[in-house]
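Just so you know, these numbers use all the heavy atoms, side chains as well, and skip hydrogens, waters and symmetry mates. Every number for a ligand or one of its atoms is a count from 1 in the order of the listing.
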Amino acid sequence: MTLLEVRGLSKAFAIRAGGFTRHWARVVDDVSFSLNAGETLGLVGESGCGKTTLARCILRIAEPTAGEIVFDGTDLVKLSRGALRARRSELAIVYQNPYLSLSPRLSVHDLVAEPLVTHTPLRGAALTARVIELLQAVGLSADDLRKRARQLSGGQAQRVAIARALALRPKLIVLDEPTSALDVSVQAQVLNLLVKLQRDYGLTYLFISHNLDVVQHMADRILVMYLGRVAESGPSAAVFSMPRHPYTLALLAATPEPDPTRPAPDIALEGNVPSPLGPPTGCRFHPRCSWAQDRCKAETPALRSMRAGHLSACHFAEALPGG
Ligand code: SF4
């Protein structure tokens, strides 16, 4: 069953000078995808590709400029502020750095209790019992109730952030680089916890990461973004075994331990993602693409179906290595 369907979502920021809007930066540009209940969609791309802005629009932390966000049958874009507040508990987010996302003034008890106090009638002993239940679900205990975030290890603090996200029994959790600020030694523990919680609570995840090895471990489906647009999407197994976009190939080639069974062209990502203020003409990836031809500078490639839900926005997708 589809839980989330995003259609034609765009987000542009006005660049003002001298009191007038001089330019529009289209950070997310006509993005569409769907996510089934109980699944994980991995959202990948370099910094500046629009991943986090897309997630913020879905959570309505940022206002989309155009498009629809149909969540469990309701277009969130059309909801009034009051109606949106009533649905807020169904969506949650876990940020990259728990020490920045958790208030240093609050105890673990108060951090986890805060959404419960705001959205439910739970108080007193019943509230504390629910907080302890949530802490136990993420591998912590009642012994941690009085601690502050700074007294916890990075892994423990991120578990508190996850318990807080779970508090209102959300249907969808956005995980924004949830392990990239943690020691390598605890990353796998937190990822395994997220997999267990998804199984136990039937959660749906939008998993943002620049680490393709982590995404491969977590995601059922992949969405690769480049400069605000979808470059490639599809089932995780298909995208990782036979990538159909040069950008995906370059990201995979840049992983610390590339899979020897998938195509390994000699391709390196050089330079940075261009500014969305003046994106390249035609295919936005053409200044960095080893396969670029004249057509790529003039003609924007459509997102085309390769096979069974595997889409690519490259004019020459069929001719890439491994095809
Ligand atoms: Fe490269 Fe052209 Fe494909 Fe864009 S359309 S990814 S520039 S080959």
Side-chain angles (χ1 to χ4, degrees), residues 6 8-12 24-33 41-54 67 208-213 215-216 219 221-255 258-259 261-323:
V6 170
L9 192 76
S10 295
K11 173 66 181 175
W24 287 92
R26 291 172 74 93
V27 176
V28 175
D29 193 358
D30 197 17
V31 170
S32 299
F33 67 89
L41 176 72
L43 192 51
V44 300
E46 296 162 284
S47 295
C49 281
K51 310 184 297 291
T52 296
T53 302
L54 174 62
I208 301 173
S209 181
H210 64 273
N211 185 328
L212 271 75
D213 289 331
V215 172
Q216 186 169 18
R221 298 179 56 78
I222 306 289
L223 191 84
V224 182
M225 284 185 73
Y226 186 75
L227 202 45
R229 290 190 180 152
V230 177
E232 180 165 10
S233 69
S236 184
V239 173
F240 280 102
S241 65
M242 199 180 289
R244 294 294 87 198
H245 195 284
Y247 183 53
T248 315
L249 282 163
L251 289 175
L252 288 168
T255 57
D259 182 346
T261 65
R262 72 185 165 227
D266 186 13
I267 178 170
L269 270 180
E270 289 176 359
N272 297 315
V273 179
S275 166
L277 264 178
T281 57
C283 175
R284 293 182 172 190
F285 188 55
H286 84 252
R288 303 172 80 194
C289 180
S290 312
W291 282 272
Q293 301 183 28
D294 288 347
R295 179 185 175 192
C296 304
K297 296 178 190 167
E299 194 181 323
T300 302
L303 193 60
R304 296 180 294 122
S305 178
M306 303 287 102
R307 61 179 76 78
H310 187 175
L311 309 176
S312 169
C314 173
H315 292 310
F316 307 107
E318 291 83 353
L320 295 172

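Among all heavy-atom pairs drawn from I222 and V224, the shortest one is CG2-CG2, 3.8 Å. Closest approach of R284 and Y226 over heavy atoms only: O-CE2, 3.4 Å. The shortest heavy-atom contact between V44 and K51 is C-CD, 3.6 Å. Nearest heavy atoms, L320 versus P246: CD1-CD, 3.7 Å.
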Distance-only criterion, 3.5 Å: show the donor-acceptor pairs between side-chain atoms of residues 272-283 and protein atoms not counting sequence neighbours.
{"from": "S275", "atom 1": "OG", "to": "L277", "atom 2": "N", "distance (Å)": "3.0"}
{"from": "T281", "atom 1": "OG1", "to": "K297", "atom 2": "O", "distance (Å)": "2.7"}

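Take a cut-off of 2.8 Å around atom 4 (Fe) of ligand 1: the protein N, O or S atoms inside it are C283 SG.
By the 6.0 Å and 45° rule, R295 stacks over the aromatic ring of F316.
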